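The figures here come from the full heavy-atom set of this structure, side chains too, leaving out hydrogens, waters and symmetry mates. Computed from a prediction, not measured in an experiment: that's the story for all the values here. In what follows, chains are A, B, ... by sequence order, proteins preceding strands, each numbered from 1.
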2 protein chains.
Amino acid sequence: MERIVRKYRGKGFKLTPQRIAILKFLEGNTSHPTAEDIYTEIKKRYPTVSFATVYNTVQVLRDKGELLEITIDPARKHFDPNPAPHHHIMCTGCGRIGDVFVDYSAALNLPDEVTSQFTTTGNHIDFYGVCNACRTKNIN
Amino acid sequence: MERIVRKYRGKGFKLTPQRIAILKFLEGNTSHPTAEDIYTEIKKRYPTVSFATVYNTVQVLRDKGELLEITIDPARKHFDPNPAPHHHIMCTGCGRIGDVFVDYSAALNLPDEVTSQFTTTGNHIDFYGVCNACRTKNIN
DNA sequence: TTACTAACTTAGAATAATTCTATTATAGAA
DNA sequence: TTCTATAATAGAATTATTCTAAGTTAGTAA
Ligand SMILES: [Mn+2]
Ligand SMILES: [Mn+2]
Ligand SMILES: [Zn+2]
Ligand SMILES: [Zn+2]
């Protein structure tokens, strides 16, 4: 089949129909879905799919570095099929999560009291804000 | 009694013994405890204290702007009695969370494709790293 | 002081996200 | 085609957090 199958074939990763459906759903998806979002979508074509399959698949993808786990939402995890380092902005009204493709690393110098305690390996910025739809709604 | 009681008296906030114990535990605490950490500590003096009291109290403090909820750890929430804007660094080995008291806001300019979609209200940076204790341990 | 009551505490149930387990099925290799 | 390691599934288990209903109390005001 298509690109996705080519991309994952022969990587010690069995390409089952459920996995292909999950990979297709995630491919290029910038909505930062939750496990339930993925489950609900895959269930349309595979009505017997289980949450375990969703969680197992995202875990494998995470271990392969193909997917990131986003912690910006205190209520649940969101997943991001774009493993390139980037940041996020969440609407405090509706929870929508947008991408911020800027590398701020050069500006994020840590003070000595931190560098003396930690060897830094990465960073991720959570921005908070209000999306246009929610702002419009609140102008009652 | 002491500072804490003075600070919270007469703010539409009943000062029960359990709450005073929680406030005392949190006062100046930079360990970013979880609800369970707080519960375990308070239980020493109040063996019948419940998780509901811990969660209710941190929720009230959060609503009053006296406490922050930290999302850096995907497994559970951590609480921070320092409501001043600051950032965090978590050790990927042991989970220890340290403070980063630097305001990077001036450097965190967002691109137009984001500002056209969101009105930004805040930011929080998660730094990741390895603490000295864990680094030493890994030099086997 | 005393009495009152809104606010609080508690045990335990409920909910919700995530993980685990045992069984059955199958992708991919030989 | 056969084989087997790996995966899918249903459902139970676990864990974090919230809710509920009943009893208690801090703080107010007479
Ligand atoms: Mn993203
Ligand atoms: Mn802090
Ligand atoms: Zn919104
Ligand atoms: Zn550590």
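- Atoms NZ (A:Lys14) and P (C:dA27) sit 8 Å apart, rounded to a whole Å.
- When the P atom of D:dT18 is taken as reference, atom OH of B:Tyr39 falls 16 Å away, rounded to whole Å.
- Closest to the side chain of B:Ala52, from the set C:dG28, D:dC19, D:dA10, is D:dC19.
- For A:Ser50, no side-chain nitrogen or oxygen approaches OP1 or OP2 of D:dA10 to under 4.0 Å.
- Judged by distance alone, the side chains of B:His88 and B:Asp80 do bring a donor and an acceptor atom under 3.5 Å apart.
- Side chains of A:Thr40 and A:Asp37: no donor on one and acceptor on the other come within 3.5 Å.
- DNA chain D is contacted by both B:Phe51 and A:Arg19; A:Arg19 maps to the nucleotide lying nearer its 5′ end (nearest heavy atom per residue).
- The side chain of A:Gln59 places no N or O atom within less than 4.0 Å of a non-bridging phosphate oxygen (OP1 or OP2) of C:dT18.
- Summary of the strand contacts: A:Ala35 and B:Asn56 both lie near DNA chain C, and taking for each the nucleotide with the nearest heavy atom, the more 5' one is attributed to B:Asn56.
- Heavy-atom minimum distance, B:Leu26 versus B:Pro81: O-CG, 3.1 Å.
- To the nearest angstrom, P of C:dT15 lies 16 Å from CZ of A:Arg76.
- Taking atom CG of residue B:Asp73 and atom C1' of nucleotide C:dA17, one finds them 15 Å apart after rounding to whole Å.
- Side-chain atoms of A:Asp73 and A:His32 include no donor-acceptor pair closer than 3.5 Å.
- One atom, NE2 of A:His78, and another, C1' of C:dT18, lie 14 Å apart when rounded to the nearest Å.
- A:Thr48 comes within 4.0 angstrom of sugar-phosphate atoms only, judged by non-hydrogen atoms across all strands, and of no base.
- Remark: P of C:dA7 and NZ of B:Lys64 are 12 Å apart, rounded to the nearest angstrom.
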> What do the steps show when you test A:Asp126 against B:Asp126 for side chain to side chain contact (heavy atoms under 4.5 Å, CB included), and what is the final call?
Replying inline: CA-CA 8 Å; A:Asp126 295 330; B:Asp126 294 330; 3.6 Å; yes
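- Using a 4.0 Å heavy-atom criterion, one finds that B:Pro74 contacts no nucleic acid atom at all.
- Using a 4.0 Å heavy-atom criterion, one finds that A:Thr16 contacts the sugar-phosphate atoms exclusively.
- Atoms CZ (A:Phe13) and P (D:dA5) sit 20 Å apart, rounded to a whole Å.
- The side chain of B:Gln18 lies closest to C:dT10, out of D:dT17, C:dT10, D:dA26.
- Computed from coordinates, the A:Tyr55 OH to D:dT15 P distance equals 16 Å when rounded to whole Å.
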